[in-house]
Amino acid sequence: MNLEAIIASIVEEMRAAPDRGEVATYIPSLAGVDPGQFGMAVVTADGQVFAGGDAETAFSIQSISKVFALTLALGKVGDRLWNRVGREPSGSAFNSIVQLEAEQGIPRNPFINAGAIVVSDVNLAGHAPREAIGELVHFIRYLASDDGIAIDEAVARSEQETGERNRALAHYMRAFGNLHHPVELTLGVYFHACAIAMSCRQLAMAGRYLMLCGAHPEGGRVISDKRARRINALMLTCGHYDQSGDFAFRVGMPGKSGVGGGILAIVPGKASIAVWSPGLSRNGNSQLGSLALERLADATGWSVFGL
Ligand code: GLU
């Protein structure tokens, strides 16, 4: 298989694609991103890296951070996390509040905003918010073997200024006793996680542990193989909000998207993949990112559902 050629042809198609979706507009720093960009990076199980297009450009990883924050939280409290967060696809928008009422303040899964806010609350326990944020950034640097990964402070500030819906979710969960810290402290951790900036290359590197059954490619173990399997399962079923079924149908890989236009996708045992194009579908997932992964799955036969 010639991955270099496959990626080059995907990049060429995505560069010229007319329907690029709509860039997120809720904060100026995302609204101002050029929708013409497209990047892709693939790290294979034997450690080779293939990259194309704008693969070195840092973008706001937004909700992709939910995967790393979840991994950290599971390391702290283990399966007790599941008393506070569910494991079912939500079938509703990333920032929806309706299910919380019917389900007593327990978010459907850790990859919608409400779930990730609970995960942030878990990661905050015993720390000042600054320490909890620092711990997450250090963890991602360790996963990616890259000390250059950092938070875009302008994005973090804007998230904070415009985050009324997330505040509503957090207050609502606190009313049910499912948030243990003051809302502004927990949200400080959540907003900064969303504001982490990474390139496709860095993101694909950070996802290696999920392709390697929880092992760190440079030695040691990040998490157990069982936990890696479970995180991949959640990415497959819940990683694209109310478009998760469609993504599984078209791409067939565990994946997590963010409103910055990035997607991290995992082919267990084979590859960790990051794609980025800022234009979003109406469900808030990268329009061309999903299409590029569909093309990659078709060209390589990579899927968790067999060839
Ligand atoms: N910062 C966004 C929010 O919390 C993240 C959503 C996303 O990437 O899907 O609303």
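Counting starts at 1 for both ligands and their atoms, in listed order.
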Fill in the blank from the handout: In terms of its nearest heavy atom to atom 2 (C) of ligand 1, the top option of Q62, R165, H240 is Q62
Completion exercise
for atom 7 (C) of ligand 1, nearest protein heavy atom and its distance come out as S63 OG, 2.6 Å
Handout entry: Distance under 6.0 Å and angle within 45° of ring axis: K256 vs Y241
Key = yes
Practice task
Could you list which atoms of ligand 1 come closer than 4.0 Å to a heavy atom of G258?
Solution key: 8 (O)
Problem - N95 to ligand 1, any heavy atom closer than 4.0 Å - result: no
Problem - Cluster link M211 to L236, ILVMFWY, side chain under 4.5 Å - result: no
Problem - Residue and atom name of the nearest protein heavy atom (relative to atom 10 (O) of ligand 1), distance in Å to one decimal - result: N113 ND2, 3.2 Å
Practice task
Would you please name every residue forming a salt bridge (charged side-chain N to carboxylate O under 4.0 Å, His left out) with D19, sequence neighbours left out?
Solution key: none
Exercise for the section: Return a yes/no value for V259: is any of its N or O atoms, backbone included, closer than 3.5 angstrom to an N or O of ligand 1? Expected result: yes
Problem - Path from I64 to L291 over hydrophobic side-chain contacts below 4.5 Å - result: no
Practice task
State if Y190 counts as touching ligand 1 under the rule of any non-hydrogen atom under 4.0 Å.
Solution key: yes
Practice task
Below 4.0 angstrom from a heavy atom of N166, which ligand 1 atoms are there? Numbered from 1 as shown, please.
Solution key: 3 (C), 4 (O), 10 (O)
Exercise for the section: Report the C-alpha distance between L136 and I196 in whole Å, list the side-chain angles of each, state the deciding distance to 0.1 Å, and finish with yes or no for side-chain contact (heavy atoms from CB on, under 4.5 Å). Expected result: CA-CA 10 Å; L136 180 63; I196 293 170; 4.1 Å; yes
Exercise for the section: May I ask you to decide whether D54 forms a salt bridge with R15, counting only side-chain N to carboxylate O separations under 4.0 Å? Expected result: yes
Problem - Atoms of ligand 1 close to Y241 [distance to a heavy atom under 4.0 angstrom, numbered from 1] - result: 7 (C), 8 (O), 9 (O)
Completion exercise
Scanning both residues in full, the closest heavy-atom pair of I7 with A51 reads CG2-C, 4.2 Å
